[in-house]
Every structure is written in structure tokens, then in C-alpha cells.
Amino acid sequence: MHQRTASALTSIVRVRPDVPQAARAMGAVRSGIGAIGVLAPGRLAWRLFLPGRRADEATALALRAAAARDLALGLGTALASPRGAGPLRGWLLASALADGCDALTIARSKSASARVRTVTALVSGVSAGAQIVLARRLTR
């Protein structure tokens, strides 16, 4: 009886094949951005948020920490994709939470121009939304 129930559930809750592939791609992009940020913290961020100024050690540390977070979330997402909907959903939602927090933090920042803040927050917000959509589509 247990085997029949498990088989029925498996046929109802099928992972859509396009979702893990899209999640792996997003994880790879996030990992790449994270790796660049860990190795060369702030090259782009300094240009966007600190134009004409050098970042101090505390700023470089914060940028490396955010990059390490993105590297870990990206690798976690990529490695979870073959393990099924449950693990993958968790990594996608964790990534969406991080991106949503980034969007709010960046939007409230005063160190960049309004245009840079808007575009950067928008990119983070769209990324968060895309990951939520993917997480929801895993079993539909």
C-alpha cells in the first residue's frame, strides 16, 4: 500500500524539467558574481556606489561577505537541482530572500545616485521575483 501511495504522489507531483535547468543557470550566474566579488571585491560596486572615492577596509569586508553569500547560494542552488523539488525550492527561496533584502537595502542607500540605486534595486527585485516564480513552478 505504501508503495502505491508513493507512486501516485510521484505522478501527481512531477518536477517540471525546465525549472531545474533555469535554477541551475541562475545559480551559476550567482556563483560567478560571487566568485568575482570575493576575488576582486567592489571593483564594480566602488564605481557605482563610491564614484571618485576609495573604499576603506570595512567596505571591502562587507562587499566580500555579500559576495561570499552569493557564491554559497549559487553553489547551493546548482547542487540542489538534481536532488529534487524540496531541496531546490529551499535554495531558491533563500536566494530570493537575500535578493529582496538587497533590493530594499540598495534602494535606501544614500551613497549612490538615484539612477544607480533604482536600477540596482530593480535588478535585485526582479531576481528575487524570478526565483520565487521558479520555486512555485517546481511542482505545477
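Both backbone and side-chain heavy atoms feed into the values below; hydrogens, waters and symmetry mates do not. Bear in mind the structure is a predicted one, so any value in this text is a computation, not a measurement.
- Residues Leu71 and Ala35 share a closest heavy-atom pair of CD1-N, 4.1 Å.
- Of all heavy-atom pairs between Gly125 and Ala103, the closest is N-CB, 3.8 Å.
- Residues in residues 71-81 take part in no salt bridge (Lys or Arg N to Asp or Glu O under 4.0 Å) pair, two or more places apart or across chains.
- Ala22 approaches Leu134 most closely through the heavy-atom pair CB-CD2, 3.9 Å.
- Applying the side chain to side chain donor-acceptor pair (under 3.5 Å) rule to Arg69 yields the partners Asp102; only residues at least two apart in sequence or on another chain are considered.
- Ser81 and Arg24 form a side-chain donor-acceptor contact under 3.5 Å, judged by distance and modelled atom types alone.
- Between atom CG of residue Leu88 and atom CG of residue Leu138 there is a gap of 5.0 Å, rounded to the nearest 0.5 Å.
- Taking the side chain as every heavy atom from C-beta outward, Asp70 and Ser31 never approach each other to under 4.5 Å.
- To the nearest 0.5 Å, atoms CZ (Arg136) and CZ (Arg89) are separated by 10.5 Å.
- Nearest heavy atoms, Leu92 versus Ala23: CD2-CB, 4.0 Å.
- Closest of all the heavy-atom pairs between Ala68 and Val38 is N-CG2, 3.6 Å.
- With sequence neighbours excluded, the residues forming a side chain to side chain contact (heavy atoms under 4.5 Å, CB included) with Ser127 are Met26, Arg30, Asp99, Gln131, listed by chain and number.
- When all heavy atoms of Trp91 and Ala80 are compared, the closest pair comes out as CD1-CB, 3.4 Å.
- No side-chain heavy atom of Leu104 sits under 4.5 Å from any side-chain heavy atom of Arg108.
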